[in-house]
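Here's the structure, in structure tokens; my notes come after.
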Amino acid sequence: MADYSTTLGRILVIIPTYNEIGNIEMITGRIRRAVPEVDILIADDNSPDGTGRRADELAAADDHILVLHREGKEGLTAAYIASFRWGLERGYDVLIEHDADGSHQPEELHRLLDALVAGADMVKGSRWVKGGSVVNWPLQRQLLSRAGSVWTRLMLGIPVKDITGGLNAFKANVLTDIIDDVQGGGYGIQRDLTWNAHRKGYKIVEVPIEFREREEGVSKMGSDVVVEALKNTTQMGIKHRGAQVKSLVGKVADGLAGLAKQVGATISKVTKKK
Ligand SMILES: Nc1nc2c(ncn2[C@@H]2O[C@H](COP(=O)(O)OP(=O)(O)OP(=O)(O)O)[C@@H](O)[C@H]2O)c(=O)[nH]1
Ligand SMILES: [Mg+2]
């Protein structure tokens, strides 16, 4: 089996958790078996169900498992930003986002790592590219996810099919360059990191993944999250497209000025000849 650390360096898989007591052992075990060379950081927001304590027990028994205890529930974006900074400060070369709830398959992590080895700066696990799939996910959620990606593509012009997906891998230097200026709000962190990477010209690659509906625990995704994300995306889009329109108007004006100059020169030539 290929050992990714020889080509990619030190790899950190980050798992944010809030009330994932029924999942945390399953997911860390699967990640450890699938890619034994990676370290895992569990970023727990003081889960009332004791996920943080269980994480400490797992960490005590395995050097590759680490825990970041946060004071309280602050949302996914805050948990990821704190975890990214934690990992970057400790010199990890690759940082990966991974849900705890079994929606992402650790056995597919190699697809993201292979793409990094092949030269990608950022890799997104994608449900909506050829070979990607969703299992047991309600049609409503599928439509919402697809619509969210289409809307974001339309607003921002990012050539990525699954913008909101939560299984993502970054090279450390790229993450350092795109981590500021992240708004959050539901899948906001996924959108903002993808948008920042795209704007800065980094190579973003999508790899197909299987996404499964969680079997244990409850979702933290609510309509408030969707509404906030939609609002932010639209505001960003208007700003982005607004700038494009301004530059287009500028170019048209320059073109017209050039044309007027030529016409003027021709007229004066014709008048001189007379
Ligand atoms: N630390 C931390 N983790 C969180 C927070 N909210 C969600 N998570 C974790 O982030 C991951 C994704 O959250 P989910 O509730 O599964 O949200 P989702 O995947 O967008 O929605 P579903 O598809 O319904 O599961 C899970 O591992 C959660 O435990 C939070 O406020 N803090
Ligand atoms: Mg989930």
Side-chain angles (χ1 to χ4, degrees), residues 12-31 40-56 58 65-87 95-106 108-109 124-128 132-149 152 162-168 182-193 209-230:
L12 184 67
V13 176
I14 299 164
I15 310 179
T17 55
Y18 192 74
N19 288 346
E20 299 288 2
I21 191 87
N23 287 315
I24 194 63
E25 196 163 353
M26 170 278 294
I27 204 70
T28 50
R30 281 174 64 190
I31 293 173
I40 299 171
L41 177 68
I42 301 165
D44 186 67
D45 276 9
N46 205 3
S47 298
D49 74 350
T51 303
R53 278 195 304 280
R54 188 74 197 103
D56 283 337
L58 295 169
I65 299 181
L66 305 137
V67 189
L68 175 63
H69 290 283
R70 295 168 40 77
E71 268 179 27
K73 185 165 175 14
E74 276 193 89
L76 199 57
T77 298
Y80 266 129
I81 296 294
S83 304
F84 286 149
R85 295 205 190 282
W86 186 100
L95 298 96
I96 301 179
E97 303 176 11
H98 198 298
D99 284 0
D101 56 6
S103 286
H104 302 143
Q105 311 312 308
E108 293 184 339
L109 275 169
K124 293 188 72 75
S126 180
R127 297 161 281 197
W128 311 128
S133 59
V134 291
V135 179
N136 288 339
W137 217 32
L139 188 65
Q140 241 176 317
R141 289 295 305 270
Q142 291 188 42
L143 291 176
L144 195 62
S145 166
R146 278 188 187 262
S149 277
T152 311
D162 191 352
I163 292 171
T164 61
L167 180 60
N168 300 295
V182 168
Q183 290 190 38
Y187 62 67
I189 184 163
Q190 319 305 6
R191 173 203 58 213
D192 291 357
L193 290 175
I209 55 158
E210 178 186 279
F211 181 93
R212 305 185 78 91
E213 170 70 320
R214 64 159 72 235
E215 285 171 10
E216 280 287 328
V218 290
S219 170
K220 283 99 211 166
M221 182 97 172
S223 57
D224 50 330
V225 162
V226 178
V227 170
E228 195 185 346
L230 188 69

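Note that ligands are numbered from 1 as they come in the structure, with each ligand's atoms numbered from 1 the same way.
- In D101, the N, O or S atom that comes nearest to the Mg ion (ligand 2) is OD2.
- Between the side chain of N46 and the backbone N or O of K73 there is no donor-acceptor pair closer than 3.5 Å.
- The distance criterion of under 3.5 Å between nitrogen or oxygen atoms is not met by V218 with respect to ligand 1.
- For ligand 1, the polar-atom distance check finds no N/O of A79 at less than 3.5 Å from any of the ligand's N/O atoms.
- Inclusion of I15 in the set of residues having an N or O under 3.5 Å from an N or O of ligand 1 is not warranted.
- At the top of the distance list for atom 5 (C) of ligand 1, counting protein heavy atoms only, stands K73 NZ, 3.8 Å.
- Close approach to A43 involves these atoms of ligand 1, each under 4.0 Å from a residue heavy atom: 1 (N).
- Ranking protein heavy atoms by distance to atom 2 (C) of ligand 1, first place goes to T17 O, 3.5 Å.
- Atom 24 (O) of ligand 1 has its closest protein heavy atom at S219 OG, 2.5 Å.
- Residue, atom and distance of the protein heavy atom nearest to atom 9 (C) of ligand 1 are P16 O, 3.3 Å.
- Counting only heavy atoms from C-beta outward, the side chains of R214 and N23 approach each other to under 4.5 Å.
- Between the side chains of S145 and W128, at least one donor N or O sits under 3.5 Å from an acceptor N or O.
- Residue contact check for ligand 1: G166 places no non-hydrogen atom closer than 4.0 Å to it.
- In this structure, V182 and F84 have side chains that are not in contact, with every pair of non-hydrogen atoms separated by 4.5 Å or more.
- Atom CZ in R146 sits 12.5 Å away from atom CG in L144 (nearest 0.5 Å).
- Taking atom 8 (N) of ligand 1 as the reference point, the nearest protein heavy-atom neighbour is L76 CD1, 3.7 Å.
- Between I15 and I31 the shortest side-chain heavy-atom distance falls below 4.5 Å.
- Taking 4.5 Å as the limit, some side-chain heavy atom of L167 sits within range of a side-chain heavy atom of H98.
- Among the atoms of E213, none of the N or O lies under 3.5 angstrom from an N or O of ligand 1.
- Nearest protein heavy-atom contact of atom 29 (O) of ligand 1 is E20 OE2, 2.6 Å.
- Two residues are said to be in side-chain contact when any heavy atoms from C-beta on lie closer than 4.5 Å; R30 and Q105 meet this criterion.
- No side-chain heavy atom of D162 sits less than 4.5 Å from a side-chain heavy atom of F211.
- In this structure, atom 23 (O) of ligand 1 lies nearest to the protein heavy atom R141 NH2, 3.3 Å.
- At a heavy-atom cutoff of 4.0 Å, ligand 1 is contacted by no atom of A78, backbone or side chain.
- Using a 4.0 angstrom heavy-atom cutoff, S103 does not count as in contact with ligand 1.
- D56 is listed as a side-chain neighbour of H69, based on a closest heavy-atom distance under 4.5 Å.
- The D101 neighbourhood of ligand 1 comprises atoms 16 (O), 19 (O), 25 (O), with distances under 4.0 Å to a heavy atom of that residue.
- At the shortest separation from atom 32 (N) of ligand 1 among protein heavy atoms lies D45 OD2, 2.8 Å.
- Considering only heavy atoms from C-beta on, N168 stays 4.5 Å or farther from Y80 through its side chain.
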